[in-house]
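Right, one structure below, let's go through it.
This structure is a prediction, so every number in the text was calculated from the model and none was measured. The chains referred to below are lettered A, B, ... by the order of the sequence lines, with proteins before strands, and numbering in each begins at 1.
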Amino acid sequence: MTGEATRYRAAAPDSLRAVTLDAMVALYHRASGQTHVVASPVPEILEALHPDPLTLDALLAQLSGRFDIGDADVRALEARVEELVAAGLVEAL
Amino acid sequence: MSGTLLARIMRDPSQVEALDADGWTGLIAAARAEQMVGTLGHRLDGLPMPGAVSRILADARASAAQGRTAALWEAEMARRALAKIGAPVVLLKGTAYVAAGLEAGRGRSIGDLDILVPRDAIDGVEAALLSAGWEWVKPDPYDDAYYRRWMHELPPLIHRERDRMIDVHHTVLPLTAPITPDAAALVGDSEALPNGLRILAPMDMICHAAAHLIADGDLAGGMRNLWDIHCLIGEFGTDGLEARAAHHGLRAAVLRAARLAVDVYGTEIPDAWHRRNVADTLFKRRLLARDGWGRKTRKLTEQGFYVRSHLLRMPPKMLARHLWTKWRKGYRPVG
Amino acid sequence: MRHRFDVRIGPVGFRVGSDWRGPVAQLETLYRDYPRPEDGIPDFTVRLFAARPWRRVVRPSVMISGDYTIPDAAPLPLRLGLLAAEMGMNLQMALAQRRYLLLHASAAERDGRAVLMTGVSGAGKSTLAALLMARGWRLMGDEFALIDPETGLVHAFPRLISLKNQAVAVMEHALPDGRFGPPMPDTPKGDIRHLVPDARAVETMDRPASPALILFPTFGHEAAERPVLPSESFVRLTQASTNYLALAERGYDALTRLVTTVPARAIDYPDAQTAVAQVETLWEQTA
């Protein structure tokens with residue numbers, strides 16, 4: 001990566017509703033009116049990225065500290081986070 | 001005529017007291033056809049009405065609220081996609097009205113996202129949108145060349161996930177139109193919203209709405225566009241409007257739009273602007289041409305306006321070339 | 001317009017205008033026992049019209065429009081005018097229903113509780129609903145089930161049952177005394193014949209039911225069934241709904257509530273009679 005690493009910030013928790021369906025969670029995002037059916041670790045990522053934005057490395061460190069993430073790999077995490085950026089649940093700053 | 005009825009009720013909601021079942025039915029059909037049923041729902045909120053109507057209008061308000069969410073979200077996603085470019089991004093029309101919390105936005109249906117950017121930023125904007133998931137709607141090279149050379153916008157783009165269109169303008173009338181508003185001033189005098197997106201200055205907003213109603217369009221959706229103008233004048237007044245309109249070459253369009261707004265919705269405008277023009281009657285008749293089934297009536301006036309709209313947008317020789325290319329490809333005008 | 005027909009189907013009122021008498025006469029006959037729109041004010045207007053004035057008589061072809069329309073709604077020949085009217089009403093529901101979460105599903109009720117059957121076209125949901133009706137269930141609808149976001153209850157939408165191809169003969173056999181519409185061969189969707197919902201379905205159409213079982217039937221395999229997890233059910237039902245997004249948070253509330261409180265099963269079936277037996281067995285087990 002060149003220059004300053006991108007930081008990411010998630011939508012505020014009060015803009016999200018969550019209903020646990022089974023292993024999946026149905027998230028309703030009030031700002032977009034869209035529903036996302038997601039699995040772990042998406043809810044955890046969203047929680048970690050709010051209110052303060054984090055870089056990918058910092059996010060990975062925080063998730064590994066709190067959860068048992070077997071294949072802690074920054075590339076895999078980046079792919080997940082970029083999906084959330086495309087969905088608008090996370091903003092790249 | 002239900003177009004006339006819709007205008008009368010928008011102007012004076014208390015007149016719904018006189019409506020019977022067929023009157024209500026025609027009113028709702030006309031409001032839907034003009035894409036004003038959400039606006040009507042807000043205008044009549046709280047008045048006595050039959051239960052069936054009350055439910056229809058509550059649905060219309062809810063639908064408009066969802067449309068507002070979707071429009072604001074589309075603007076937000078465009079803001080994120082364009083943030084790195086650093087160019088001002090000005091929201092236009094419906095999205096601008098709801099983003100700024102204006103009366104014109106209440107219950108309004110909103111279609112595509114329209115944005116205005118400086119002409120020298122257009123290549124950067126295009127590249128940024130393409131890399132953020134927007135795609136060309138038409139892969140047709142003729143249409144593409146046509147848009148780029150002559151229109152006031154990029155060819156329309158659609159987002160591949162959200163299925164919403166964005167129109168990127170660099171001025172507000174086609175480059176071929178005889179009138180060329182001062183696009184640099186529109187951007188330069190625009191005002192920032194808290195999120196960094198921008199809206200036109202009040203008088204420019206009225207000028208643009210009038211240009212859109214009279215010079216740019218075929219008057220489709222005219223009642224709704226005229227309602228926008230009615231609300232904008234009600235909210236911002238008319239101080240400095242005439243001078244600003246003249247600066248953009250839109251004095252005639254703005255004055256006509258204002259006279260029509262008075263005529264149709266009872267807008268308040270300066271006395272000196274009331275001088276009538278014979279063509280006003282034609283415009284008004286065309287605007288209100290809607291029957292109790294929501295159908296357009298007076299087809300002949302409508303065709304006149306169709307040609308007129310093209311003439312305004314393109315010098316005649318260019319129009320002939322454009323239509324010929326369309327016909328050869330099997331295109332037939334609707335109607 | 002020259003001819004007009006008004007009807008209420010479940011909670012939804014329609015006004016159908018037509019340039020021709022024919023389609024309106026057929027609607028009057030088939031919907032004769034249905035009520036008129038509440039307060040005389042329909043929720044939706046449908047228009048059947050000739051593309052050009054002379055096309056009303058020369059090779060008459062029916063254009064379909066209404067309050068809400070799509071640009072490429074292809075016209076139908078006048079002999080299919082009834083089908084055009086039904087398509088026009090369906091179009092209004094699909095594009096503009098905002099009071100209820102609209103599920104593309106058939107529904108039948110017993111003891112105040114409803115089974116919802118959804119699936120792609122050709123999955124047999126109309127036939128299944130019609131056969132259940134023939135076996136004494138109350139038919140709530142063969143095409144759309146309406147979920148009230150406030151209560152979670154299913155509201156009936158018992159329009160004419162649209163039978164296609166082999167299903168026509170199956171139902172003529174199952175209901176020899178049934179009231180059927182005119183046979184319409186060679187439509188864009190194959191051979192079609194409408195079946196009028198029975199008297200009970202019409203008389204009780206204002207009574208909602210509480211959803212008790214969701215089924216995802218698939219035709220053309222040996223009889224089998226499997227449970228469907230709420231998440232799969234949720235995703236499949238959003239795809240089977242034309243207005244989930246438009247209902248915003250109310251749609252989310254209605255659908256999450258439905259899939260987390262009502263059991264769902266996928267069933268494969270080789271023929272309609274087997275499917276009915278499977279549905280009734282599952283009903284005994286789960287509902």
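The backbone N or O of B:A52 sits less than 3.5 Å from a side-chain atom of C:D39, completing a donor-acceptor pair.
Neither the backbone nor the side chain of B:D20 comes within contact range of chain C, judged by heavy atoms closer than 4.5 Å. The contact between B:A29 and chain C is made by backbone and side chain atoms together, counting heavy-atom distances below 4.5 Å.
Among all heavy-atom pairs drawn from C:R99 and B:I56, the shortest one is NH2-N, 3.7 Å. Of all heavy-atom pairs between C:G40 and B:A21, the closest is O-CB, 3.7 Å. Closest non-hydrogen pair, B:V37 versus C:Y68, comes out as CG1-OH, 4.3 Å.
Looking at C:L247 and B:Q66, their side chains never come closer than 4.5 Å, going by heavy atoms from C-beta outward.
Counting heavy atoms of neighbouring residues, nucleotides and ligands inside a 6.0 Å radius, atom CZ of B:R11 exceeds 12 of them. Within a 6.0 Å radius of CZ in C:R2, no more than 12 heavy atoms belonging to other residues, nucleotides or ligands are found.
Taking the charged nitrogens against the carboxylate oxygens, B:D22 and C:R15 have no contact shorter than 4.0 Å, which rules out a salt bridge. A salt bridge links B:R32 with C:D67: at least one charged nitrogen is closer than 4.0 Å to a carboxylate oxygen.
Within residues 41-49 of chain C, the residues that have a heavy atom under 4.5 Å from a heavy atom of chain B are C:I41, C:P42, C:D43, C:F44, C:T45, C:V46, C:R47, listed by number. Using a 4.5 Å cut-off between non-hydrogen atoms, no part of residues 232-243 of chain C approaches chain B.
Between chain C and the options B:S63, B:G294, B:A62, heavy-atom pairs under 4.5 Å are most frequent for B:S63.
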